[in-house]
Undergrad: 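After the structure tokens below, expect a handful of questions from me.
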Amino acid sequence: MQATNTSNPAYFHKVVDCQWACPAHTPVPEYIRLIGQGRYSDAYMVNWVSNVFPGILGRTCDRPCEPACRRGRVEENNRTQAEPVAICRLKRVAADHKDDVSARMPTIAPFNGKRIACVGAGPSSLTVARDLAPLGYEVTVFDSEAKAGGFMRSQIPRFRLPESVIDEETGYILNMGVRFRGGERVSSMRALLAQNFDAVFVGCGAPRGRELDVPGRQDAAAHIHIGIEWLANVSFGHITSVGERVIVLGGGNTAMDCCRSARRLGGKDVKVVVRSGFEEMKASPWEKEDAQHEGIPILNYHVPKSVEHLNGKLTGMTFEIVRAEYDAKGRRSLIPTGEPDVLLECDTVLVAIGQENAFPWIEPDCGIAFDTWGLPVLGEGTFQSTLPKVFFGGDAAYGPKNIITAVAHGHEAAVSIDRLLNGEDVTHRPPPRTHLLSQKMGIHEWSYHNDVSNDTRFAVPWAKADVALSSIKLEVELGFDAATAFKEASRCLNCDVQTVFNRGTCIECDACMDICPMDCISFTTNGDEAELRTRLKAPAQHTAQAMYVSAELKTGRILVKDEDVCLHCGLCAERCPTGAWDMQKFLLNTTQAGPHCRDSKPKPSTSAAKETA
């Protein structure tokens with residue numbers, strides 16, 4: 001097996017599983033350490049650079065970082081229920097406990113003569129504005145609603161995301177001199193282009209909810225609502241009540257928001273009904289748990305067959321019972337079981353079976369091409385459309401996803417716009433900037449806390465159920481207090497503090513191998529990777545995680561370290577008599593719009609840190 005090329009930034013980045021999994025590559029261990037030190041404002045600002053909405057995402061993120069968290073893998077062999085660090089909820093701690101950070105926002109450069117239009121005031125557009133406004137671009141954001149936030153404001157219920165948090169975090173961006181034209185719907189791309197903006201970013205989301213097409217649907221239309229439209233009407237106070245018996249169709253997070261909102265608006269018998277199996281539902285596991293915690297049953301393998309009504313008054317829905325069968329390629333078919341159809345009585349139906357993109361305001365002949373699915377044809381990674389000055393991002397680019405993905409799109413689109421308006425090729429994507437910095441403060445002392453906590457994950461406290469269900473606006477989750485946040489932050493394994501091996505000073509005493517509590521270090525002969533993984537001190541079975549393999553040592557052996565279960569405790573470095581191991585903090589910053597993303601870069605600043613890319 002070839003020796004590991006640790007000069008490739010991707011190697012150490014992948015060891016930081018949480019940051020690797022985050023679409024915006026937020027430096028998770030870095031801000032968790034700061035939270036553990038009570039430096040909440042610093043943690044917030046570290047977060048704000050990449051994910052832009054720490055308070056909003058600390059309540060609503062889809063958390064791709066948590067399934068990747070190494071803590072879960074380390075615990076799975078020792079506990080019946082291994083759980084990752086509560087990364088998302090710790091992010092909220094920084095937002096809730098920080099000081100006023102207004103003075104720490106970027107300074108704004110003088111106007112550079114370039115004007116940018118953003119269509120929609122959702123997370124992707126606001127990220128574009130956040131990246132470009134400080135550079136001197138004049139950014140104008142259009143939205144049909146009076147206030148900024150897009151679907152974060154219109155579709156996420158207030159009991160999950162208070163309006164004050166949205167106002168604060170959208171305000172940081174709008175206060176950078178961004179021109180917000182709220183209540184102004186863009187109805188023509190051609191008319192917008194005629195205003196001579198230098199670039200246009202489309203971040204208008206996926207605004208159309210999928211319809212239900214079964215007999216009786218139109219006859220009882222007054223009692224059947226499209227989920228995202230209903231949530232928006234609830235959010236803006238246009239709907240304040242619902243029937244006592246409610247059926248919510250769909251298995252995604254919108255369905256979970258619909259059913260929990262219905263409970264708070266007077267629904268006493270609220271059910272979620274899905275075609276698929278419970279495990280196949282698209283909703284995040286915690287969203288399903290939250291709904292069930294509030295007493296909402298989820299009925300699976302029920303396919304809508306018809307809407308029942310009496311002279312237009314909804315009386316119920318009939319469902320066919322099915323089961324799942326899979327072919328050799330894993331494709332699923334829903335097969336009727338032959339059981340009698342089921343009639344569920346109801347007064348209201350909320351349809352949350354998916355969302356679609358819709359661009360009726362973009363004229364077919366204005367130069368922007370769309371594929372057969374109605375999605376814009378975009379350059380891979382550039383988000384540039386077939387009309388070079390027009391870019392797309394967020395749900396408008398590739399269909400519905402989540403907030404953090406929309407933020408990531410916004411960062412990349414801003415890079416493209418910045419390069420385009422500086423006369424550079426948008427397909428040239430700047431690599432991230434990375435550093436490795438030793439954490440050594442003495443022979444046996446490190447600058448980070450490396451005593452691994454044995455605590456299990458701490459639960460976030462909730463408001464009492466009877467109180468929570470009495471109001472559509474009362475926030476359910478109360479967030480960690482400072483003491484609990486400290487204990488939860490202590491569960492983080494500091495995966496960004498890397499074990500860096502120096503082959504030249506290793507004397508092959510095997511002391512590091514002997515002291516490793518996870519048996520993840522081996523000195524052995526080389527071999528094919530698949531075979532080598534089986535004969536390490538502890539077999540390396542998680543093949544998705546790379547192994548650290550040294551070049552041949554003096555005895556002809558190699559050093560192999562299984563990165564998968566390393567605790568980053570530093571015992572190997574403390575035990576090593578020659579200092580062949582060092583604990584070095586890995587910093588990765590994705591290159592955002594500005595001088596660093598351009599071919600004509602400024603001179604690098606002098607730094608003691610070792611530049612690796």
Side-chain angles (χ1 to χ4, degrees), residues 155 157 159-160 209-217 219-221 223-231 234 241-310 313-326 331-355 400 465 468-469 476:
Q155 294 173 31
F159 60 84
R160 290 181 57 209
R210 285 188 182 148
E211 256 293 2
L212 176 68
D213 184 18
V214 295
R217 161 68 177 94
D219 299 301
H223 309 281
I224 301 174
H225 308 280
I226 299 299
I228 58 171
E229 296 172 4
W230 185 81
L231 285 172
V234 171
S241 64
V242 70
E244 289 192 359
R245 301 172 301 176
V246 180
I247 289 176
V248 178
L249 300 175
N253 287 339
T254 299
M256 300 302 105
D257 285 339
C258 284
C259 68
R260 296 179 71 195
S261 296
R263 284 282 282 132
R264 287 160 172 79
L265 294 183
K268 295 180 179 177
D269 175 13
V270 180
K271 299 183 180 71
V272 174
V273 184
V274 292
R275 295 162 51 95
S276 65
F278 181 83
E279 298 300 328
E280 298 169 301
M281 290 171 61
K282 291 183 178 178
S284 304
W286 48 88
E287 301 279 5
K288 292 188 284 186
E289 291 171 9
D290 290 349
Q292 291 177 310
H293 178 78
E294 295 180 350
I296 300 169
I298 298 175
L299 310 181
N300 57 6
Y301 293 126
H302 283 53
V303 176
K305 196 169 182 179
S306 61
V307 170
E308 311 303 328
H309 64 94
L310 185 61
K313 179 176 174 52
L314 178 69
T315 58
M317 283 193 68
T318 299
F319 296 88
E320 183 177 47
I321 308 301
V322 298
R323 58 183 168 79
E325 283 192 3
Y326 298 87
R331 291 174 299 200
R332 187 193 69 176
S333 298
L334 296 175
I335 309 298
T337 63
E339 297 174 71
D341 292 342
V342 171
L343 171 65
L344 300 178
E345 296 180 345
C346 63
D347 305 307
T348 304
V349 172
L350 304 177
V351 182
I353 54 177
Q355 292 171 236
L469 292 175
V476 176

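Source: prediction; values computed, not measured.
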Undergrad: Are any of the side-chain nitrogens in Glu287 or Arg160 under 4.0 Å away from the carboxylate oxygens of its partner?
TA: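 Looking at Glu287 and Arg160, the cut-off is met.
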
Undergrad: Let's go through Gln155 and Gln355 carefully: what are the C-alpha distance in whole Å and the side-chain angles of both, what is the deciding distance for side chain to side chain contact (heavy atoms under 4.5 Å, CB included) to 0.1 Å, and is it a yes or a no?
TA: CA-CA 12 Å; Gln155 294 173 31; Gln355 292 171 236; 4.0 Å; yes

Undergrad: What distance do Cys346 atom SG and Ile224 atom CD1 have between them, rounded to the nearest 0.5 Å?
TA: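 With rounding to 0.5 Å, SG (Cys346) is 7.5 Å from CD1 (Ile224).
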
Undergrad: Using every non-hydrogen atom in the two residues, find where Asn300 and Ser276 come nearest and quote the distance to one decimal.
TA: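 Looking at all heavy atoms of both residues, the closest pair is CB-O, 3.0 Å.
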
Undergrad: Between atom CG of Asp257 and atom CD1 of Ile228, what is the distance when rounded to the nearest 0.5 Å?
TA: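 So the gap between those two atoms works out to 12.0 Å.
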
Undergrad: Indicate the atoms forming the closest heavy-atom contact of Ala262 with Val246, along with that distance.
TA: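 Minimum heavy-atom contact is CB-CG1, 4.2 Å.
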
Undergrad: Just so I know, are the side chains of Phe319 and Ile247 near enough to count as touching, which here means a heavy-atom distance under 4.5 Å?
TA: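 Yes, their side chains come closer than 4.5 Å.
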
Undergrad: Mind running salt bridge (charged side-chain N to carboxylate O under 4.0 Å, His left out) on Glu294 and Arg264 for me, showing each step along the way?
TA: CA-CA 10 Å; Glu294 295 180 350; Arg264 287 160 172 79; 2.7 Å; yes

Undergrad: Does the pair Leu299 and Leu344 meet the rule for a side chain to side chain contact (heavy atoms under 4.5 Å, CB included), with working shown?
TA: CA-CA 11 Å; Leu299 310 181; Leu344 300 178; 3.8 Å; yes

Undergrad: I need the minimum non-hydrogen distance between Val272 and Gly250, along with the two atoms involved.
TA: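 Looks like CG1-O, 3.4 Å.
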
Undergrad: Quick one: CZ on Arg263 to CZ on Arg260, what's the gap to the nearest 0.5 Å?
TA: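 Between Arg263 CZ and Arg260 CZ, I get 11.0 Å after rounding to 0.5 Å.
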
Undergrad: Distance check, rounded to the nearest 0.5 Å: Met317 atom CE versus Leu212 atom CG?
TA: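 The CG atom of Leu212 is 5.0 Å from CE of Met317, to the nearest 0.5 Å.
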
Undergrad: Considering all heavy atoms of both residues, which atom of Thr254 and which atom of Ala352 are nearest to each other, and what is their separation?
TA: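 Residues Thr254 and Ala352, closest heavy atoms: CG2-CB, 4.0 Å.
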
Undergrad: Does some side-chain heavy atom of Val349 sit less than 4.5 Å from a side-chain heavy atom of His225?
TA: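 Of all side-chain heavy-atom pairs linking Val349 with His225, none is under 4.5 Å.
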
Undergrad: Is a donor on one side and an acceptor on the other found under 3.5 Å between the side chain of Lys288 and the backbone of Phe278?
TA: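 Yes; judged by distance alone, with no hydrogens or angles, the pair exists.
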
Undergrad: Atom NZ of Lys271 and atom CD1 of Ile298: how far apart are they, to the nearest 0.5 Å?
TA: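 Taking NZ in Lys271 and CD1 in Ile298, the distance rounds to 13.0 Å.
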
Undergrad: Show, in sequence, the C-alpha distance, side-chain angles and deciding distance for His223 and His309, and conclude whether the side chain to side chain contact (heavy atoms under 4.5 Å, CB included) test is met.
TA: CA-CA 10 Å; His223 309 281; His309 64 94; over 6 Å; no

Undergrad: Looking at Cys258 and Gly227, what are the two nearest heavy atoms and their distance?
TA: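 Nearest heavy atoms, Cys258 then Gly227: SG-CA, 3.8 Å.
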
Undergrad: Please list all pairs passing the salt bridge (Lys or Arg N to Asp or Glu O under 4.0 Å) test where one or both residues lie in residues 272-286, with sequence neighbours left out.
TA: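 Residue pairs passing salt bridge (Lys or Arg N to Asp or Glu O under 4.0 Å), neighbours aside: Glu280-Arg332.
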
Undergrad: Which atom pair, heavy atoms only, marks the closest approach of Thr348 to Gly243?
TA: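 Residues Thr348 and Gly243, closest heavy atoms: OG1-N, 3.3 Å.
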
Undergrad: Counting only heavy atoms from other residues, nucleotides and ligands, does the tally under 6.0 Å from CD of Glu345 exceed 12?
TA: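 No, because the 6.0 Å sphere around CD of Glu345 holds 12 heavy atoms or fewer from other groups.
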
Undergrad: Would you call Arg210 and Val351 a side-chain contact if the rule is heavy atoms closer than 4.5 Å?
TA: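 SC-SC contact between Arg210 and Val351 ruled out.
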
Undergrad: Looking at Leu310, is its backbone amide N or carbonyl O close enough to the side chain of Thr315 to form a donor-acceptor pair, meaning the two atoms are under 3.5 Å apart?
TA: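 Answer holds: no.
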
Undergrad: Does Asp269 reach the side chain of Glu244, with side-chain heavy atoms less than 4.5 Å apart?
TA: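 A side-chain contact under 4.5 Å is absent here.
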
Undergrad: Mind checking the CG-CD spacing from Leu350 to Glu229? Nearest 0.5 Å is all I need.
TA: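 Atom-to-atom, Leu350:CG and Glu229:CD are 11.5 Å apart.
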
Undergrad: With a 4.5 Å heavy-atom cut-off, do Ser261 and Leu231 have their side chains touching?
TA: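 A side-chain contact exists here, since the closest heavy-atom pair is under 4.5 Å.
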
